[in-house]
Amino acid sequence: SAVISQKPSRDICQRGTSLTIQCQVDSQVTMMFWYRQQPGQSLTLIATANQGSEATYESGFVIDKFPISRPNLTFSTLTVSNMSPEDSSIYLCSAARDSYEQFFGPGTRLTVL
Amino acid sequence: AQSVTQLDSQVPVFEEAPVELRCNYSSSVSVYLFWYVQYPNQGLQLLLKYLSGSTLVKGINGFEAEFNKSQTSFHLRKPSVHISDTAEYFCAASSSGGSYIPTFGRGTSLIVHP
């Protein structure tokens with residue numbers, strides 16, 4: 001298994017500002033992902049964070065809005081840029097090794113005013 | 001890509017009663033299936049997974065699920081629920097030979113009443 005921590009756990013931000021969320025895994029993993037979970041809804045994959053290269057974004061998500069870094073095999077960041085109230089959501093980091101099983105962080109609860 | 005359907009958005013049940021949470025996936029040659037639980041204000045935790053082998057999979061906290069290929073289902077069951085089982089449950093599926101990325105269902109809210 002893998003233990004994943006996220007910072008911050010929650011934040012309240014003003015529209016137009018940016019927030020960077022950090023994700024730390026306690027051991028090396030093959031893949032890391034960022035999801036968004038809007039209130040009462042399922043998980044939507046934002047992007048796959050690739051170590052040493054640009055992230056792979058899903059349809060509807062762009063790098064200018066959600067820049068992602070992954071400098072090594074245990075750490076990644078997601079920035080939510082130029083925020084609006086529609087960005088209010090839970091942002092989840094996850095990681096996977098070889099078994100198709102994903103391990104999830106506790107999430108970052110973002111409220112944009 | 002897989003699609004996952006959780007037919008019930010909410011399942012209320014009394015404590016110590018049995019429960020079944022339904023999940024259907026789109027047909028595929030070979031599929032990996034998962035159930036995750038999300039307790040209030042927490043991330044997702046893996047309950048159980050089916051990769052291959054026995055179609056009856058046992059997980060943590062007394063949960064089990066059965067893979068039914070002919071009905072493309074992977075329903076989650078527990079014979080006697082506890083108040084602490086109140087949570088959101090997500091079914092997920094990915095195609096073997098594909099990426100690591102599963103498709104998640106919309107979730108089922110299990111509400112256990114005393």
Side-chain angles (χ1 to χ4, degrees), chain A residues 1-11 21-26 29-51 55-59 61 78 89-111, chain B residues 1-10 21 23-25 28 30-53 57 59-60 65 67 74 87-111:
Chain A
S1 66
V3 178
I4 301 176
S5 58
Q6 285 184 236
K7 289 182 184 179
S9 59
R10 61 178 66 240
D11 208 341
I21 303 168
Q22 297 180 5
C23 177
Q24 179 73 54
V25 189
D26 69 341
V29 291
T30 308
M31 307 189 73
M32 295 182 73
F33 307 92
W34 288 98
Y35 288 85
R36 182 172 71 184
Q37 183 181 22
Q38 294 183 306
Q41 298 194 22
S42 188
L43 283 71
T44 301
L45 181 66
I46 297 172
T48 302
N50 300 310
Q51 192 255 330
T56 305
Y57 289 86
E58 298 299 305
S59 176
F61 297 96
L78 167 75
S89 188
I90 300 172
Y91 292 86
L92 291 158
C93 171
S94 75
R97 290 198 184 92
D98 304 323
S99 67
Y100 290 81
E101 175 183 344
Q102 291 199 17
F103 306 97
F104 285 83
T108 295
R109 283 150 185 79
L110 172 62
T111 301
Chain B
Q2 287 284 343
S3 67
V4 177
T5 303
Q6 291 182 246
L7 293 167
D8 306 303
S9 59
Q10 202 172 81
L21 307 183
C23 173
N24 288 89
Y25 61 94
S28 174
S30 188
V31 65
Y32 298 149
L33 296 160
F34 308 85
W35 275 99
Y36 288 87
V37 60
Q38 185 178 33
Y39 297 105
N41 300 315
Q42 295 187 29
L44 275 70
Q45 179 184 2
L46 183 71
L47 270 179
L48 49 80
K49 63 185 175 186
Y50 170 80
L51 302 181
S52 66
V57 180
I60 62 171
F67 170 58
F74 190 57
E88 194 78 17
Y89 291 80
F90 292 96
C91 181
S94 62
S95 298
S96 65
S99 72
Y100 287 94
I101 304 170
T103 300
F104 285 85
R106 58 181 288 185
T108 297
S109 179
L110 175 63
I111 302 169

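Every chain is numbered from 1 and lettered A, B, ... according to where its sequence line falls, protein lines coming before strand lines.
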- Item | Separation of I101(B) CD1 from M31(A) CE (nearest 0.5 Å) | 5.5 Å
- Item | Minimum heavy-atom distance N41(B)-R10(A), with the two atoms named | OD1-NH2, 4.4 Å
- Query: Can you say whether F104(B) sits under 4.5 Å from chain A via the side chain, the backbone, both, or neither, judging by heavy atoms?
  - Reply: both
- Of the backbone (N, CA, C, O) and the side chain (C-beta and beyond), which part of T48(A) lies under 4.5 Å from a heavy atom of chain B, both, or neither? side chain
- Within a reach of under 6.0 Å around CZ of R106(B), are more than 12 heavy atoms found that belong to other residues, nucleotides or ligands? no
- Message: Heavy-atom cut-off 4.5 Å, strictly under: side chain, backbone, both or neither for L46(B) against chain A?
- Response: side chain
- Query: To the nearest 0.5 Å, what is the distance between CG (L51(B)) and CD (E101(A))?
  - Reply: 8.5 Å
- When you look at L43(A) and L44(B), which way does the side-chain contact (heavy atoms from CB on, under 4.5 Å) test go after all the steps? CA-CA 10 Å; L43(A) 283 71; L44(B) 275 70; 4.0 Å; yes
- Query: What distance do Q102(A) atom CD and Y36(B) atom OH have between them, rounded to the nearest 0.5 Å?
  - Reply: 5.5 Å
- Query: Taking atom CD1 of I90(A) and atom CD of Q38(B), what is their separation to the nearest 0.5 Å?
  - Reply: 6.0 Å
- Task: Check whether any side-chain N or O of S42(A) sits under 3.5 Å from a backbone N or O of G105(B) as a donor-acceptor pair, and report yes or no.
- Result: yes
- Task: Answer with side chain, backbone, both or neither: which region of Q37(A) has an atom nearer than 4.5 Å to a non-hydrogen atom of chain B?
- Result: side chain
